[in-house]
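Below, read A as the first sequence line, B as the second, and so on, with proteins coming before strands; counting in each chain starts at 1. None of these values were measured; they are calculated from a predicted model.
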Amino acid sequence: MAGFSRIEKKWNALWRKTGVFEPELGRAKKPFYNLMMFPYPSAEGLHVGNMYAFVGSDIYGRFQRMRGNDVFEPIGLDGFGIHSENYALKVKRHPAKQAKISEKNFYRQLGMIGNGFAWKEKLETYDPEYYKWTQWIFVQMFKKGLAYRKKQAVNWCPDCKTVLADEQVVSGECERCESKVIKKELEQWFFRITNYAERLLKDLEKIDWSEKVKIAQRNWIGRSEGVEIEFKIQNSNLKIKVFTTRPDTLFGATYMVLSPEHELIGKLESRIKNYQEVKKYIQKARTPAEDKEKTGVELKGIKAVNPANKEEIPIWVADYVLGGVGTGAIMAVPAHDERDFEFAKKFKLPIKPVIRRADIPIRSVLMGFDNIHSEELVSLGIKEVWPADKNHKYIEIPENSLPAFEKLIREKMTPGFWNEYITHQRVIFIFKDKNGLVERLELTPGTDNKINRLSAIYNNEPEPKGSVWNWLPDVPFYKELFIHTERGILINSAKFSGMDSEEAKWEITKFVGGERKVQYRLRDWLISRQRYWGPPIPMIFCEKCNWQPVPEQDLPVKLPYLKDWRPKGTGVSPLASESKFYKVKCPKCNGEARRETDVSDTFLDSAWYFFRYLDVKNKKEIFSKALARKWLPVDMYIGGAEHAVLHLLYVRFITKVFADLGLVGFREPSKKFRAHGLLIKDGAKMSKSRGNVVSPDTYIKKFGADALRMYLMFLGPFDQGGDFRDSGILGITRFLARVQKFEKKLASTSKEGLAENSERIVHQSIKKITEDIESLRYNTAVSQLMILSNKLEELPKVPWAAWEVFLKLLAPFAPYISEELYQKFGKNKSFRKQNSVHLQSWPKYNAKKIKEDVFLLVVQVNGKVRATIQAPVGISEKDAERIALANENVKKYLLPGLRKTIFVPDKLINFVV
RNA sequence: GCCGCGGUGGCGGAACUGGUAGACGCACUAGCUUCAGGAGCUAGCGUUCGCAAGGACAUGGGAGUUCGAAUCUCCCCCGCGGCACCA
């Protein structure tokens, strides 16, 4: 039965020859752009995970084609860039040479999986005809002021020896090689994506994209509304500007923090008494901290003034405040911000609550009460609300039980102990000394330090530093009472006390002359790479004329063949050692000038490929506007969710730039995007380092592409992925083998319609499979194909009409076998394009023919199934009740007496007794 | 820590707006047929009590809403993915 390889070869050749999957781009009547993320051919070849994604996309495309659309399903290779170069490094082969090898292998594999690709429009990003336009885009960006140079502490991967964009740093590690990324001060090219932050955010509402991608983008863009407030520096004209989303907590700002990069530190050098110490700290802060433990140094000798209450507050420098965020400086409100709280606690800074919670629980952690029984507490309405241990009781006390509670602990506390109970505003300490004398102390956190003296007395220790806070057990049980980060009522805030915190935000802002600001987390796209295998950035630097773009007629700036193409790690690209490359004339003054030697980020290559697919041969312009108008935006885009804030953000950005350049009239690249799930192997992501990569080649050889396609789709829901294992593929192989036997059972004449015995299941299947494909639920669609085939198998003769429908429904999943059988069925002697099963119209179902005329009436008593009885569809409640009550088993359960009957038409009847 | 997704037989997974939990497939068991094969056909297959009819228990755990919950609500546990000191 290994005829499949012959069949697959044959149809591949015939389809290509006749151009079944080649729409006429210029003349198509119902254009449907079915796009999938093109692969980067960095590895030994396509793996079954790539195939999973491609097949899923292809099924959708084939379905749309059969629905009468002119489907364009292009393919290409994202072969430029760091991932391909890293692979070349690994196999020690020149990237250009490796690209040719990978290209051949990838196209061979892609040709086998049975996808309806438009091969004529294939493209590779390393083709000068392609990257000429990538460079052209850079030039346009520069001319529009969207590309600029700036010196900044940037992400540097020591292994890849290049800088990285923020999007390419994953949890502090390089997206490609997982090395720890460090900060390096370098001058680089950036794209001003932040100009588009608001539009990128807002337009998300308009597009039908996988929700998780939209959420990831929203979080990445990270819009936050707040206020900029200036703090004066005492005895100086200088001011510290901070950004805050919580101006309502301003009265609680007890200190300020500058980021280590903050420019003010240098300016204040002469006044900072411990400048050497500060400088040392800043040096250390360059390498990212291993843990989250807060560190910092006070700028001694200077103070800032809280504009709300004119209090002098200290200024610190600490790396928990990031240079690139907001203004790079904060006002610290330890009572209402967890990070500030931790910092204040560690460095014994005052903590002043200014917002009261709506509810005020009173809590206590009791110690030294072996003689208090739980019952005693319960009788006072006290609840133990925290997992207790042997020595502690974590309790919450109702306000009206406070006096009784206090009396209890005064009496029963072991001498030599102290206990406290707290609300968020006050801490009440009860001390009992060795002689049984009790002392009570009521303290307001952050302001009162009486406790220090007491502690010295009671513990016979020297007076400690700090405040009441340092005395409290460090448990979340207390912490959540103090650090109230949510809305509430203002306290300790002069005339604003008593006001709702949301209202107070703007009132206080006005009071101190703050300015409302919108802040984004998104930062500009760092585009330079100090590597070889990419499009050289088309810029020239002239001492006289500054940066000049390469004139458009001189594009592309070809990547020269370099013998020594390996990354240098010196902060410049290998191209910087090729004087023939960089020594150029200034395009403006014709003087001596120097070409930019960095290349651009790979993600720029892939940010616009779907435009070029439409017009791969165009030498005059990036793409034809007419074709773009006709085919774009993409109708359906399928790809991995791992690109949510990388590729999928960049394509949106570039599309918006194109719109602003007047190249296109739309602002989003695709109407619909769906993320596929990840195909894993033995519970882990497929990767070469794990050695669990499965190549489709052996499976295609053994079982055929059709079987592998169907198996992959049958594994589980397409958007969830699945675990690849060999065992299941046999089920599909059996299914396809049985399908091929059907021709022997075909009814003798093709004139008959659907016989009555197959009509219902055929229409049901059309409906189910149509809906499943539309929503990418391929696993249940395959299952329905099996059900249909099982049913048809039961028939003595299979009607021709049923067989035809079956083949069409099968076609998107198993394109080869269905074509082979369809051509046999149609008795076509020589193949012509229009006879292909893939260009036939998708079957339609008739809702009337789906309806059953009998159903199984479920009879329940108190919601438990006691019988199922066959009944005619549309049976009345009365009749249903009659036949249900006639059932012996049901009768048995109705003995207590019927109280109520619930009837769901054509479903069930439930008796309540 | 925050955000998102998920937890259903031995396994992958079905289950529409709450209405027979386990479709479809894998594995397994028995029989037939062949017997060199990961071959084919028929039947069975959540656990448990029962000769059977039938019953009890079952969708991560606990509560709740409902005539009825895998599905809705609340709390908790576990797994995966993303972000991570964003002020």
**Request:** Scan A:Leu715 against the nucleic acid and name what it touches under 4.0 Å (heavy atoms): base, sugar-phosphate only, or nothing.
**Result:** sugar-phosphate

**Request:** Determine the contact category for A:Arg223: base if any of its heavy atoms lies under 4.0 Å from a base atom, sugar-phosphate if only primed atoms, P, OP1 or OP2 are that close, otherwise nothing.
**Result:** nothing

**Nearest to side-chain heavy atoms of A:Thr245, which nucleotide of B:G25, B:C85, B:A87** = B:A87

**Request:** Can you sort out the partners of A:Lys241 under salt bridge (Lys or Arg N to Asp or Glu O under 4.0 Å), two or more places apart, ordered by chain and number?
**Result:** A:Glu228

**Complete:** Residues in residues 901-913 of chain A with a heavy atom under 4.0 Å of RNA chain B, by number, are A:Ile902, A:Val904, A:Lys907, A:Leu908, A:Asn910, A:Val912

**Asked** Can you find a side-chain donor-acceptor pair between A:Arg738 and A:Asn790 that sits under 3.5 Å?
**Response** yes

**Prompt:** Of the candidate nucleotides B:A14, B:A87, B:U20, which contains the atom at the shortest distance from the side chain of A:Val865?
**Reply:** B:U20

Expected rows: protein N/O vs nucleotides 33-38 of chain B N/O, under 3.5 Å:
from: B:G38; atom 1: O6; to: A:Lys702; atom 2: NZ; distance (Å): 2.8
from: B:G38; atom 1: N1; to: A:Lys702; atom 2: NZ; distance (Å): 3.4

**For A:Lys212, salt bridge (Lys or Arg N to Asp or Glu O under 4.0 Å) partners two or more places apart** = none

**Message:** Please enumerate all residues that pass side-chain hydrogen bond (donor to acceptor under 3.5 Å, both in side chains) together with A:Asn155, with sequence neighbours excluded.
**Reply:** A:Asp166, A:Lys183

**Message:** Of the listed nucleotides (B:G54, B:U20, B:A15), which one gets closest to any side-chain atom of A:Thr780?
**Reply:** B:A15

**Prompt:** Touch check for A:Phe855, heavy atoms < 4.0 angstrom, all strands: base, sugar-phosphate only, or nothing?
**Reply:** nothing

Review item, side-chain donor-acceptor pairs of residues 885-893 of chain A, under 3.5 Å, at least two apart:
from: A:Asn887; atom 1: OD1; to: A:Asn889; atom 2: N; distance (Å): 2.8
from: A:Asn887; atom 1: OD1; to: A:Val890; atom 2: N; distance (Å): 3.1
from: A:Glu888; atom 1: OE2; to: A:Lys891; atom 2: NZ; distance (Å): 3.4
from: A:Asn889; atom 1: OD1; to: A:Lys892; atom 2: NZ; distance (Å): 3.2
from: A:Asn889; atom 1: ND2; to: A:Arg866; atom 2: O; distance (Å): 2.9
from: A:Tyr893; atom 1: OH; to: A:Arg866; atom 2: NH1; distance (Å): 3.4

**Asked** Does the side chain of A:Asn790 get closer than 4.0 angstrom to OP1 or OP2 of B:C24 through an N or O atom?
**Response** no

**Asked** When you measure from the side chain of A:Thr868, which nucleotide among B:C86, B:G12, B:U20 comes out closest?
**Response** B:U20

**Message:** Side chains of A:Tyr520 and A:Thr194 only: does a donor on one sit below 3.5 Å from an acceptor on the other?
**Reply:** no

**Item:** Atom-to-atom span, CG of A:Leu322 to C1' of B:C83 - whole angstrom
**Value:** 14 Å

**Side chain of A:Thr244 (C-beta onward), nearest among B:C85, B:C41, B:A87** = B:A87

**Message:** Whether A:Lys294 engages the ring of A:Phe343 as a cation-pi pair (distance to the six-membered ring centre under 6.0 angstrom, angle to the ring normal within 45°) should be assessed.
**Reply:** no

**Chi-based syn or anti call at B:G81, which uses purine or pyrimidine torsion atoms and a 90° bound** = anti

**Asked** The side chain of A:Asn889 lies closest to which of these nucleotides: B:G55, B:A87, B:C41?
**Response** B:G55

**Asked** Considering only B:G13, B:G25, B:A87, which nucleotide approaches the side chain of A:Arg339 most closely?
**Response** B:A87

**Complete:** Picking from B:C83, B:G25, B:C11, the nucleotide nearest the side-chain atoms of A:Met786 would be B:G25

**Request:** May I ask you to check whether A:Phe703 and A:Phe4 place their ring centers less than 6.0 Å from one another?
**Result:** no

